[in-house]
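A short worksheet on the structure shown next.
So you know, we letter chains A, B, ... as the sequences are listed, proteins then strands, and number each from 1.
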Number of protein chains: 2
Amino acid sequence: MPQQMSQSTDRYPINPQLLAFSYARDSAAQSGCSVLDAAFERYFNLIFPDFVGGTGLSNIWSEPKPFTVSVKVKNGECDGFPDEGSNESYNLSVSAGQAVLKAESVWGALRGLESFSQLVYQDDYNLYFVNKTEIEDFPRFQFRGLLLDTSRHYLPMPAILKTLDAMAYSKFNVFHWHIVDDPSFPYQSRNYPDLSSKGAFHPMTHIYTQSDVKRVIYHARLRGIRVVPEFDSPGHTQSWGKGQPDLLTSCYKGKVPSGTFGPVNPTLSSTYQFLNGLFKEVTSVFPDSYLHLGGDEVDFTCWRSNPNVQAFMAKMGFGSDYTKLESYYMENIVNITAALNKTSIVWQDVFDYRERIPMDTVLEIWKGVPADYRAELGRITLAGYRVLLSAPWYINHISYGQDWRNAYTVQPQNFSGTEQQKKLVIGGEVCMWGEYVDATNLTPRLWPRASAAAERLWSDEEKTSSVDKAFPRLEDFRCTLIRRGIQAEPLFVGHCKHEYSGL
Amino acid sequence: MPQQMSQSTDRYPINPQLLAFSYARDSAAQSGCSVLDAAFERYFNLIFPDFVGGTGLSNIWSEPKPFTVSVKVKNGECDGFPDEGSNESYNLSVSAGQAVLKAESVWGALRGLESFSQLVYQDDYNLYFVNKTEIEDFPRFQFRGLLLDTSRHYLPMPAILKTLDAMAYSKFNVFHWHIVDDPSFPYQSRNYPDLSSKGAFHPMTHIYTQSDVKRVIYHARLRGIRVVPEFDSPGHTQSWGKGQPDLLTSCYKGKVPSGTFGPVNPTLSSTYQFLNGLFKEVTSVFPDSYLHLGGDEVDFTCWRSNPNVQAFMAKMGFGSDYTKLESYYMENIVNITAALNKTSIVWQDVFDYRERIPMDTVLEIWKGVPADYRAELGRITLAGYRVLLSAPWYINHISYGQDWRNAYTVQPQNFSGTEQQKKLVIGGEVCMWGEYVDATNLTPRLWPRASAAAERLWSDEEKTSSVDKAFPRLEDFRCTLIRRGIQAEPLFVGHCKHEYSGL
């Protein structure tokens, strides 16, 4: 739902053969603009999914009038990457024979093209129409993310690329790539190839090569989507240890090593040398200005058992407070990231341990479901940190029935705090953790449930306060998704004109 | 898990080019047997999913020895349909260079071929092997069904056919086709074409033509699967009313019709004439000896409101007991079915109303989850009726995590009753109701969760009492399903050698 929209019942026919996307004369971007040239081609196919070239069909059109979608952007930059400062606002005016789309940047133009594509519909005779429409639109939140977990299950490239396609349809703009974790390390590092050759589920078939990663970033860029990778540490790193000797803490049973390993060993300088090397590579591969460092769920049991860690604790004066050791570690890696000119995102646990972390660090809130995440929002914004909300959007959690309603009714700024604090909520993320999800069930679990959260992140909260009014809109949208080849599951009893049949 | 199986670590290579299925000399069925000829071709492709013809690969085989799967059936009937009396037992003996499969009937041979296909595996070099194995096998229950609901959502033909494929992999043998219900009537009747032209979601695209139905029955027969259609009445019939005037009861508000309709009108002779005509057609289209008549969840409100129904109640001496009217209706249609030489299956509600129904009627138990279905089993078998258990297998109900474990640990015969009563449990059904399910999410919701119930219905309960021992077996099997193109979801963290990539 756009911020402002007025529509009339006047409708204009669109003949696929006579629809043209064009750059306005006074647009700063012109033909040759990579992002928009590709978008024009893409949206033509999305609007007319069954169009086949040729002129054979033209005589079924009573009015063979041309229809022009004219795009004007103020900022002609076409080869950069979307980032936190990107302006996604646009105006769209649809009248007889034309749609005029104006945006500050190509990223806003992409959002406008998406909206335009959703305005076009088919009647019972399969003719295309669009109604007279005026839209002024901009996102409520700057950061509208979706997390995929490619460690608990490997997601083949087509699953990731198709998710990026569907994200653009719901105006998501950040792909949070939880690329590695305990079970596997599929990222194929240039500098540390053993990480994947020993830590992936399979060293050849279950990895993301540098070329795969580039393809994801390229595919995302063309859709105005940032790619923020997460290299979660010091916990959640079992798979790292397989290819990087001495990285993990050796756990002890009594006075002897037990043969098992715990979190990253924060006491060794080799640890930070390695992480500096890895992050240097990662920040050169991923162009986004943000890097997610994880920092969640660190179990201190293994650290406590290790005599060398104990000695380090004593030397540092940490006493028996292992949260200080965790803080020490996170401070070090946040500083490494800052030195690489990247902003860190970390899970809220890092705030709970009260590390001295740069004030521009973003805290991601994942605890406190069903309702206590409000307290977390208040607590962390009170300290002046920017926050991302993901707690109510752990969409891997499923229950029987219309659980999209829970995702829809979230109010990210409804917590006790000042206006200034509310502004520190920069957005939210839908998280699809991978314990029970791989390419077989990813898409129907994500869509259209994630779209409910997407509307919450984009649209005006007052204008979208009714979940019952959202229901038919989301039902229509899920049929649109199916028409576009996205295997989106039904909300309830009913049907789409064109059912999914891509079995 | 077969009833009896012994395996050794001796393994024999299988060269795809030199694997041959053949009829034993003393087999009653020989080349030209439709069911087995088709199965030989099918199982070759299932065993070697990446095999491409030609002789180019043969030199990678160190031992170019032939391997023969020799099949002997005692009963040479190949052109009939599987039915309640079908014998599915088989013996399989795998030794050097050959597998000998013996079965009473072609249906048992199909089960044996499935087992053989699951014994063959690939090593790390993608060479195929099978271990020395002896299997004596037969199903624990005669009736192992799976229900699909094609009324709440229309399932395109490929979704149904693919489900039949996957059913065979788990040795299900009954497809319970809940073909119509309140929301839509997709069955295109020869004699009553208005039922679908007015009652389907769409009269052309959302129907099952006679040819579609034939194709389903044909596809199922080749896999040893019965097709039992359900025409549920007198409730769940809103869609019927659109194409069959005066079939449904007109509901009254005070003294005037409210414009809404209730269950089938049981007071009119035209009702029974129509049902006789419809069931006559249906029983000629569907060869199975069983017909499911529904009979569940009848709401009496509308009947109570209608003055003609009230008058009929008085005339019949039913007083104000509407269960008697429901009984009267069900008795009539069970008798219609009996006159057509078909056995009726009905939902347990029909027993609850104590209709006088033939003793060969099968009652399907769907109430009493989580545990009280045991009481239902005891109660209905005590009255001497045969029962089907589906209550704990409403697999459309999902919850987060490994909910297949609940389906697996069901004990269908663990209720208070005599040995004779236990024998009246003829099997069970996995039900995939369609409120929230269509072709987009059907397959990952069904598989491998339904396979857990399938093992409970086929295998010896004592030998499969450990759900933890079943876990790795089911994990392997789900990778097999993926390898066969079935989009089966993961049970937990991990990977398959060949991931699903059919996006």
Side-chain angles (χ1 to χ4, degrees), chain A residues 149 151-163 181-184 186 200-202 205-206 394 396-403 433-445 447-448 478 481-482 485-503, chain B residues 149 151-163 181-184 186 200-202 205-206 394 396-403 433-445 447-448 478 481-482 485-503:
Chain A
D149 169 1
S151 173
R152 292 180 175 88
H153 285 98
Y154 176 78
L155 295 174
M157 284 291 287
I160 296 177
L161 300 180
K162 198 134 198 174
T163 301
D181 203 302
D182 284 328
S184 75
F201 283 133
H202 187 283
T205 57
H206 285 62
Y394 267 35
N396 51 306
H397 291 146
I398 51 171
S399 60
Y400 189 60
Q402 296 201 35
D403 59 359
W433 295 104
E435 280 86 349
Y436 303 103
V437 175
D438 70 3
T440 61
N441 57 355
L442 172 67
T443 306
R445 245 173 228 224
W447 311 108
R478 106 93 190 177
L481 289 175
I482 285 186
I486 305 297
Q487 202 176 334
E489 69 178 16
L491 298 179
F492 196 52
V493 174
H495 76 291
C496 294
K497 185 173 174 180
H498 302 274
E499 298 287 359
Y500 179 78
S501 59
L503 284 159
Chain B
D149 169 1
S151 173
R152 291 180 176 87
H153 285 99
Y154 177 78
L155 295 174
M157 284 291 287
I160 295 177
L161 300 180
K162 199 135 198 172
T163 300
D181 203 302
D182 284 327
S184 75
F201 284 132
H202 187 283
T205 58
H206 286 62
Y394 267 34
N396 52 306
H397 290 147
I398 50 170
S399 61
Y400 189 60
Q402 297 200 34
D403 58 0
W433 296 104
E435 282 85 350
Y436 304 103
V437 175
D438 70 4
T440 62
N441 57 355
L442 172 67
T443 307
R445 245 174 228 225
W447 311 109
R478 103 97 188 175
L481 289 176
I482 285 187
I486 305 297
Q487 202 177 333
E489 70 178 14
L491 298 179
F492 196 51
V493 175
H495 76 291
C496 294
K497 185 174 176 181
H498 302 275
E499 299 287 0
Y500 178 77
S501 59
L503 284 159

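- In this structure, no portion of B:Asp182 lies under 4.5 Å from any heavy atom of chain A.
- B:Glu499 and A:His153 are not linked by any side-chain donor-acceptor pair at a separation below 3.5 angstrom, with hydrogens and angles left out of the test.
- Heavy-atom minimum distance, A:Pro156 versus B:Tyr500: CG-O, 3.6 Å.
- For chain B, the nearby parts of A:His397 are the backbone and the side chain; heavy atoms of each come within less than 4.5 Å.
- Applying the salt bridge (charged side-chain N to carboxylate O under 4.0 Å, His left out) test to B:Arg152 and every residue at least two apart in sequence or in another chain returns B:Asp149, B:Asp181, B:Glu435.
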Please set out all donor-acceptor pairs under 3.5 angstrom arising from side-chain atoms of residues 490-498 of chain B, sequence neighbours excluded.
{"unit_1": "B:Lys497", "atom_1": "NZ", "unit_2": "B:Asp123", "atom_2": "O", "d": "3.2"}
{"unit_1": "B:Lys497", "atom_1": "NZ", "unit_2": "B:Asn126", "atom_2": "OD1", "d": "2.9"}

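- The shortest heavy-atom contact between B:Gln487 and A:Thr440 is NE2-O, 2.7 Å.
- Chain A forms more heavy-atom pairs under 4.5 Å with one residue of B:Ile486, B:Ile482, B:Asn396, B:Thr205 than with any other, namely B:Asn396.
- The CZ atom of A:Arg445 sits 6.5 Å away from the CD1 atom of B:Ile398 when rounded to the nearest 0.5 Å.
- B:Asn441 contributes atom CG, which lies 10.5 Å from atom CG of A:Asn441 (distance to the nearest 0.5 angstrom).
- Chain B forms the most heavy-atom pairs under 4.5 Å with one residue out of A:Gly401, A:Ser184, A:Pro183, and that residue is A:Gly401.
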